[in-house]
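See structure below.
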Amino acid sequence: MTEPGPAVASPARPDTLRLFFALWPDEITRDALNRTGKWLYQHWGGRRTRADTLHLTLSFLGDVPAARLDALLQGVHDIPVDAFDLSFDQAGHWAHNRIGWLGLSQTAQPLESLVLALRDQLRALDIPFDARPYTPHITLLRKTQGGAAVGCLPVKWVVDGFVLVAANPQADGAHYDVLKKWPLTG
Ligand code: 2AM
């Protein structure tokens, strides 16, 4: 889902929401990512990410008490970073979780700044998040064995804001509700 929608409680814990901050692609970027997903699938197999769920996670919060949602929606502020471009130009595979991903061959400083600023805000709000080092990647395949290196056409992504997303696991995979978008205001 690409439009703001209702927050859906996690079925396992109805009093919580499974939340994360992300970059959400426009239609052109989504199509390009989806084509790359198809290309990778032809080489590595596995299960492709549905086009409507393609995203880049910025910060994973996990299960958050539903009562904290308002604090997040009201408490996170615009981030003073200029809009920027990313070029996703490197495909890779992680054996430990069998994910095939598209990432960046170069460190993207504005992206790092955005993630750091977001983490600062979450700390200030006392909202826990996955604080492991940030590894930007777009998951294109799950349950894949990977294989020989695959070259990909770079996918350009113009970043002008970030979103809060609620994950809603279902039988055919996760569905996502975009709850709010914040613009970049550099
Ligand atoms: P992944 O694609 O590499 O699994 C929703 O699950 C999003 O949050 C996905 O982009 C997922 O990354 C990311 N994420 C980061 N840490 C996670 C975790 N510990 N559990 C589930 N998803 C996580």
Side-chain angles (χ1 to χ4, degrees), residues 1-13 16-26 29-30 32-34 36-41 44-66 68-69 72 76 86 88-105 108 111-112 114-119 121-123 127-146 150 152 155 157 159 161-182:
M1 225 179 168
T2 56
E3 295 303 318
V8 183
S10 164
R13 297 179 56 193
T16 67
L17 298 164
R18 175 158 288 214
L19 300 178
F20 60 98
F21 284 92
L23 301 183
W24 208 252
D26 61 24
T29 310
R30 177 182 307 284
L33 293 172
N34 198 38
T36 304
K38 194 171 175 184
W39 172 246
L40 264 196
Y41 172 78
W44 291 350
R47 184 163 59 76
R48 284 173 64 190
T49 302
R50 286 200 328 273
D52 63 305
T53 64
L54 289 162
H55 65 274
L56 175 74
T57 295
L58 297 174
S59 184
F60 182 75
L61 310 186
D63 287 341
V64 176
R68 296 289 278 145
L69 179 60
L72 260 177
V76 170
L86 295 172
F88 286 88
D89 58 353
Q90 190 172 52
H93 169 252
W94 288 324
H96 72 280
N97 55 11
R98 301 176 68 204
I99 278 179
W101 49 263
L102 189 64
L104 306 160
S105 62
L111 178 64
E112 304 286 324
L114 175 55
V115 169
L116 288 179
L118 195 50
R119 288 183 172 203
Q121 292 206 30
L122 294 171
R123 276 189 210 97
I127 305 256
F129 58 89
D130 183 344
R132 288 177 295 179
Y134 182 56
T135 309
H137 68 281
I138 301 162
T139 296
L140 296 180
L141 301 174
R142 293 193 186 274
K143 298 186 176 169
T144 177
Q145 296 185 355
V150 175
C152 291
V155 175
W157 188 327
V159 180
F162 63 95
V163 298
L164 178 65
V165 184
N168 177 18
Q170 293 189 7
D172 62 343
H175 288 240
Y176 296 125
D177 293 312
V178 174
L179 304 182
K180 180 169 177 174
K181 178 171 181 175
W182 287 261

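Order of appearance sets the numbers: ligands from 1, and atoms from 1 within every ligand.
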Worksheet item: Within the distance-only criterion (no hydrogens, no angle test), does the side chain of R48 pair as donor or acceptor with the backbone N or O of N34 below 3.5 angstrom?
Response: yes

Practice prompt. Determine the minimum heavy-atom distance between W24 and D52, stating which atoms define it.
Written response: CZ2-O, 3.8 Å

Response to the item:
Closest heavy-atom pair, V165 versus A22, reported as atoms and distance to 0.1 Å, is CG2-CB, 4.2 Å

Item to complete: Applying side chain to side chain contact (heavy atoms under 4.5 Å, CB included), name anything that partners A117, two or more places apart in sequence or on another chain.
Response: I79

Item to complete: Report yes or no: does W182 contribute a side-chain atom to a donor-acceptor pair with the main-chain N or O of V76 at less than 3.5 Å?
Response: yes

Worksheet item: How about H55 and T53: does a side-chain donor come under 3.5 Å of a side-chain acceptor?
Response: no

Contacts table for ligand 1: protein N or O within a distance under 3.5 Å of ligand N or O, distances only.
| from | atom 1 | to | atom 2 | distance (Å) |
| --- | --- | --- | --- | --- |
| ligand 1 | 2 (O) | T139 | OG1 | 2.5 |
| ligand 1 | 2 (O) | R142 | NH2 | 3.0 |
| ligand 1 | 3 (O) | H137 | NE2 | 2.6 |
| ligand 1 | 3 (O) | T139 | OG1 | 3.3 |
| ligand 1 | 4 (O) | R142 | NH1 | 3.3 |
| ligand 1 | 4 (O) | R142 | NH2 | 3.3 |
| ligand 1 | 8 (O) | T57 | OG1 | 3.4 |
| ligand 1 | 10 (O) | H55 | NE2 | 2.7 |
| ligand 1 | 10 (O) | T57 | OG1 | 2.6 |

